[in-house]
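Order of the sequence lines fixes the chain letters, A, B, ..., with proteins taken first and strands second; residue numbering starts at 1 for each chain.
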Amino acid sequence: MERYSPQEIEKKWQKKWKEGNVYRTEMDEKRPKYYALEMFPYPSGNLHMGHVRNYSIGDVLARYKTMEGYNVLHPMGFDAFGMPAENAAIQHGVKPSTWTYENIENMKRQQDQMGLSYDWEREVETCREDYYRWTQWLFELFYKKGLAYKKKASVNWCDTCGTVLANEQVIDGKCWRCDSEVKKKDLSQWFLKITDYADVLLKDLEKLPGWPERVKTMQENWIGRSEGLEFTLDVPSMNEKIPVYTTRPDTAYGITFLALAAEHPLVEKICENNPKAAEIKAFCEKVRSQSDIERTSGESEKEGIFTGVTCVNPFNGNEVQIWVTNYVLAEYGTGAVMGVPSGDQRDWMFAKKYGIDIILTLQPKDHELKLEEMTAAYVEKEGVLVNSGKFTGMDFHEATQGIMDEAEEKGFGKRMVNYRLRDWLISRQRYWGAPIPVIHCEKCGETLVPESELPVRLPEDVEFKQGTLSPLATSKSFTECKCPKCGGPAHRETDTMDTFICSSWYYLRYMDPHNTEKPFEREKANYWGPVDQYIGGIEHAILHLLYSRFFTKVLKDEGLVDFDEPFTNLLTQGMVIKDGAKMSKSKGNVVSPEEIIAKYGADTARLFILFAAPVERDLDWSDQGVEGAYRFLNRVWRILGHFEEDIKSGKAGYDVQALTKEEHDLRRVLHVTIKKVTEDVGERFMFNTAVSSLMELVNALYAFQDKALNAGLAREVAENLLKMLAPFVPHIAEELWNRMFGEGSVHQQKWPGYDASAIVLDEVEIVLQINGKVRDKVTIPADIDRAEMEKVARELPRAKELTAGKTIVKVICVPKKLVNIVVK
RNA sequence: GCCGAAGUGGCGGAAUUGGCAGACGCAGCAGACUCAAAAUCUGCCGUUGGCAACAACGUGCCGGUUCAAGUCCGGCCUUCGGCACCA
């Protein structure tokens, strides 16, 4: 047989698979379905190794499940709206659509080179009218349900991108895309009411045992649920009430000041007829001008200013000073916080700095605190209350409940749950996105574009300039329109939607991609959905994965789908690393998939990536490791070539009894491998160990390279080896299958089962331990009983030697494993 | 600070239920083939001592449970990731 030439055979089979349309999938109620999904890429222009890893994992699963008999949905598409296309327009004058579609073509070409089993007829591109039409339709659905609204708020603004950002897109105070510092701006913007779903998004994480713990934890942290008490303090001089929220009601008798956020609405009122008004306003101005980074950095001093106004602690009637501070967040809770220096470290520091009173309300059980000796607040949630009226002497837990009861009974407070999660800011002042289908009319106000008029198309007559104005606003043909209600002159909303909206439902469109009446047919969604296995990078742990869950829940509530979680199982692959760092242009450690495929072939690239590390862990790229993978495929090629005549002449129903002992051993290795690979791929997602056991099988076959091998066994090994290799290295498996077995595709074969009788050992090697240390090994018949086994072990020369003159205390026998003799 | 994951040879990693630590691969060393090299095939390959048989040590650290611990329990350390002036 000629030498292995991946370049030739890969092209050949890719062409045949395409012509044969072999990956086309249809709904079929009679067969169990399996939906394997890899996160669709942004069309940046080229695949990187992260994509290769992602798609290799997905392709193994899709091909394996197909061979297992499932009706597999394995689609691919492009998350095609977004900033880079627009930047290309600004910098190079290329139309965003042209740039995007050219990139998509190139990436599809690269994906095809990988030999992936996608049903391309289901492809979804979010920037196409037939897709964003339904994105807009879904926006209208949210709007009608009261889940989409416009409001003026202090929002995140990125100067470089010229648009606002969702909270989830601000990473450490910086823009997720361009890394520049994010500012706060007061703007009127569109939001989706994800907070309505905060509780169920949190609670339903329990329904996802197939998700990695770390992803669930991240979402939990992000949603940030806390339980506490909201109550009001009267401001007698102003005839006002200030609500505050606390998770430590037990400390309420220790309130000595009240801290307002600089943005708190009451601040303005406090300044009326206030001699310190100018000073207070200047302070607020200073605080508000700080960026989030400055405001929240660890070193930033707690600062405040006394307003001269006081309020009353409703629990004990104490007079409490009202301060405006820089450390209270306007957006969380009520924007006002009770100040208890003895129970909160921030309040402690603030009180110490400004000489505010401190009242101790909680004493630990094991030692006594004295205010004058304390250097920090006592923040433990254990102890006994002091200085707390009728609650004095009560245990912390009991008092917490008692104080909340008191507030509720007297009507000045109630138990409350708070979330860190904020509503999702979805409008963007950008062109390359789905236009928000809303019309503003002077007379009628805000109106949805009628469903029959969707999509609201992106205009072509726009200007791309770096500036503050959204490019859509420069198109008269777009902005000027008629009001759908009164027919009078009106103008369109010029913001587009966050691309994360587009990607929040794409997995549903794959199920019914050509539907022109609806986003998807309910029956199809309920057949295919939810996704059985989703595969992607950890970077979407919060953003995309939280948004998709939210969308799915809304669609479930609307009756459009029957399931309330989109992704039953989630696999988060690790990054591809080289020389200890993530591959990046700036570090100069990028390995191009296209070059690797050109040099070694896609099968080698896939095999290396699957073998080098378990899927969840970061993968260290190693050029020598790639050589190793290539070497293995060559070994497979050579050894099957060596036995070609035997494989072809061998019969399926050969006489297993006639095998030699060595041949029996090979057959056992084969069936052990089938068992192992089936478990590793099907249950554990341990592709690295699946590959290693296939290597062991090939090594076992090599033991026969200078010996005769039973033709029937040669055939059995080759047939099953190729079937098991097929999901990992589809081209070489298909080529060898074709050469050895002629007609039919290896990918349409049934996944092999193992012969349980073949893996039974006649003899096993057991270990002799003396006091838990291995001292000898012996091979014994596998079916020997415990007493017999002990006898054999005790009679070993080593056992006799080491137990001579000592007392045997105990003998432990583990069948087929070991005998441990305990001596004194 | 809170939450989560991880820590095993020179390297990537394996050990699935408490039962031989280091499978498989990479690198290295040796042999065969070759005029030679590459490729290929075969063997060796945790550390220390020993010619060897063998012994001692060894899965981040300290302690515990057990005949037996990488695995279980208690207490730490380090690294990575998430959240964080969230009251």
Side-chain angles (χ1 to χ4, degrees), chain A residues 3 171-172 212-226 228 244-248 251 259 261 295-298 300-302 325-329 331-340 343-347 349-350 379 418-421 538-539 541-542 577 607-608 611-614 616-629 631-632 634-635 638 676 679-680 683-684 686 688-696 698-699 702-703 705-706 765-777 809-823:
Chain A
R3 38 185 288 270
I171 314 290
D172 295 329
E213 213 49 52
R214 57 175 176 164
V215 174
K216 289 191 276 187
T217 307
M218 283 189 218
Q219 294 210 354
E220 234 173 271
N221 288 343
W222 188 259
I223 296 167
R225 184 181 198 272
S226 78
V244 296
Y245 172 74
T246 179
T247 55
R248 290 298 303 277
T251 63
R295 266 176 97 161
T296 60
S297 85
S300 92
E301 267 286 306
K302 288 180 186 20
T325 71
N326 67 346
Y327 74 93
V328 173
L329 299 173
E331 316 90 65
Y332 184 79
T334 62
V337 172
M338 66 181 203
V340 184
D344 183 282
Q345 189 54 27
R346 293 155 300 187
D347 296 347
M349 278 156 43
F350 191 78
V379 297
N418 251 312
Y419 297 94
R420 215 193 63 96
L421 182 73
I538 186 81
E539 67 273 16
I542 294 169
I577 301 278
L607 186 73
F608 166 70
F611 176 61
E616 302 234 286
R617 236 186 277 181
D618 286 349
L619 182 152
D620 229 331
W621 184 268
S622 148
D623 292 329
Q624 285 164 330
V626 178
E627 293 275 355
R631 218 155 25 220
F632 170 69
N634 273 290
R635 271 167 75 78
R638 270 194 306 272
K676 169 92 174 142
E679 287 166 2
D680 281 355
E683 292 160 31
R684 301 205 303 150
M686 294 282 286
N688 55 332
T689 52
V691 172
S692 77
S693 60
L694 287 167
M695 287 173 169
E696 286 178 271
V698 171
N699 289 346
Y702 260 87
Q705 65 174 335
D706 299 323
E765 189 186 58
I766 62 156
V767 170
L768 168 72
Q769 294 184 341
I770 310 290
N771 287 347
K773 298 210 173 192
V774 179
R775 294 302 174 191
D776 206 359
K777 290 172 187 182
V809 182
K810 196 188 219 182
V811 179
I812 285 113
C813 291
V814 183
K816 295 180 192 180
K817 288 262 166 69
L818 59 82
V819 176
N820 186 10
I821 303 174
V822 186
V823 295

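- Inter-residue side-chain proximity for A/Met338 and A/Thr251 is flagged as met; some heavy-atom pair is nearer than 4.5 Å.
- Counting non-hydrogen atoms under 4.0 angstrom, A/Met338 reaches nothing in the nucleic acid.
- A 4.5 Å side-chain heavy-atom check between A/Leu619 and A/Phe608 finds at least one atom pair inside the cut-off.
- Residue A/Lys676 is in base contact, counting any heavy-atom pair closer than 4.0 Å across all strands shown.
- Comparing the C1' positions of B/rC67 and B/rG18 gives a spacing of 12 Å, expressed to the nearest Å.
- Note on A/Phe632: nothing from the nucleic acid sits closer than 4.0 angstrom, heavy atoms only.
- Residue A/Thr246 is in sugar-phosphate contact alone, with no base atom involved, counting any heavy-atom pair closer than 4.0 Å across all strands shown.
- In this structure, A/Glu765 reaches the bases: a heavy-atom distance under 4.0 Å links it to at least one base atom across the strands shown.
- At a threshold of 4.0 angstrom between heavy atoms, the contacts of A/Val814 include nucleobase atoms, whether or not backbone atoms are also involved.
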What nitrogen or oxygen pairs link the protein and nucleotides 53-55 of chain B at under 3.5 Å?
residue, atom, partner, partner atom, Å
B/rA55, OP1, A/Arg775, NH1, 2.9
B/rA55, OP1, A/Arg798, NH2, 2.9

Scan nucleotides 79-82 of chain B against the protein and return all N/O pairs shorter than 3.5 Å with their distances rounded to 0.1 Å.
residue, atom, partner, partner atom, Å
B/rG82, N2, A/Asn221, ND2, 3.1
B/rG82, N3, A/Asn221, ND2, 3.1

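- As judged by a 4.0 angstrom heavy-atom cut-off over every strand, A/Asn699 is placed among residues touching the sugar-phosphate backbone only.
- When heavy atoms are screened at a 4.0 angstrom cut-off, A/Pro614 is found touching the sugar-phosphate backbone but no base atom.
- Residues passing the ring-ring contact (aromatic ring centres under 6.0 Å, His included) test with A/Phe611, sequence neighbours excluded: none.
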For nucleotides 10-12 of chain B, give me every protein contact, N/O to N/O, under 3.5 Å, one pair per line with atom names.
residue, atom, partner, partner atom, Å
B/rG12, O2', A/Ala612, O, 2.5

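- Taking the side chain as every heavy atom from C-beta outward, A/Asn771 and A/Val822 approach each other to under 4.5 Å.
- Side chain of A/Asn820 to main chain of A/Gly772: a donor-acceptor pair is present (N/O by atom type, distance under 3.5 Å, no hydrogens or angles).
- Residue-to-nucleotide contacts include a donor-acceptor pair under 3.5 Å from the side chain of A/Lys302 to the base of B/rC85.
- Cation-pi contact between A/Lys302 and A/Tyr327: present, with separation from the ring centre below 6.0 Å and deviation from the ring axis of at most 45°.
- A/Glu765 CD to A/Lys816 NZ: the interatomic distance, rounded to the nearest 0.5 Å, is 15.0 Å.
- Against the 90° criterion about 0, the sugar-base torsion of B/rG9 places it in the syn range.
- Judged as a side-chain contact (heavy atoms from CB on, under 4.5 Å), and not counting sequence neighbours, A/Asp172 has no contacts.
- Among the protein residues, A/Ser693 comes within range of no part of the nucleic acid, since none of its heavy atoms lies under 4.0 Å from any strand.
- The side chain of A/Met686 lies closest to B/rA15, out of B/rC20, B/rC26, B/rA15.
- The A/Tyr702 side chain lies nearest to B/rC41 when the options are B/rC41, B/rC67, B/rC85.
- Contacts of A/Lys773 with the nucleic acid, taken as non-hydrogen atoms under 4.0 Å apart, involve only primed sugar atoms and P, OP1 or OP2.
- A/Gly628 comes within 4.0 angstrom of the backbone, heavy atoms only, and of no base.
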Stepwise side-chain contact (heavy atoms from CB on, under 4.5 Å) check, A/Arg775 with A/Ile821: CA-CA 10 Å; A/Arg775 294 302 174 191; A/Ile821 303 174; over 6 Å; no

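- Among the heavy atoms of the strands, none lies under 4.0 Å from A/Val340.
- Residue contacts for A/Asn688: at a heavy-atom cut-off of 4.0 Å it reaches the sugar-phosphate backbone alone, with no base atom in range.
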Side chain to side chain donor-acceptor pair (under 3.5 Å) assessment of A/Arg420 paired with A/Asn221: CA-CA 8 Å; A/Arg420 215 193 63 96; A/Asn221 288 343; over 6 Å; no

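- Nearest nucleotide to the side chain of A/Tyr245, out of B/rC20, B/rC24, B/rA87: B/rA87.
- Taking atom P on both nucleotides, B/rG31 is separated from B/rC20 by 36 Å, rounded to a whole Å.
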Dot-bracket encoding of pairs in RNA chain B, which uses [ ] for pseudoknotted crossings and | for another strand, Watson-Crick or G-U under 3.5 angstrom: (((((((..(((......[....))).(((((.......))))).((((....))))..(((((..]....))))))))))))....

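- A/Arg3 and A/Asn634 share no donor-acceptor pair across their side chains, judged by distance under 3.5 Å alone.
- The side chain of A/Lys810 lies closest to B/rC67, out of B/rU16, B/rA87, B/rC67.
- Nearest to the side-chain atoms of A/Ser692 among the listed nucleotides B/rA87, B/rC41, B/rC24 stands B/rC24.
- Counting any heavy atom pair closer than 4.0 Å across all strands shown, A/Gln769 reaches a base atom.
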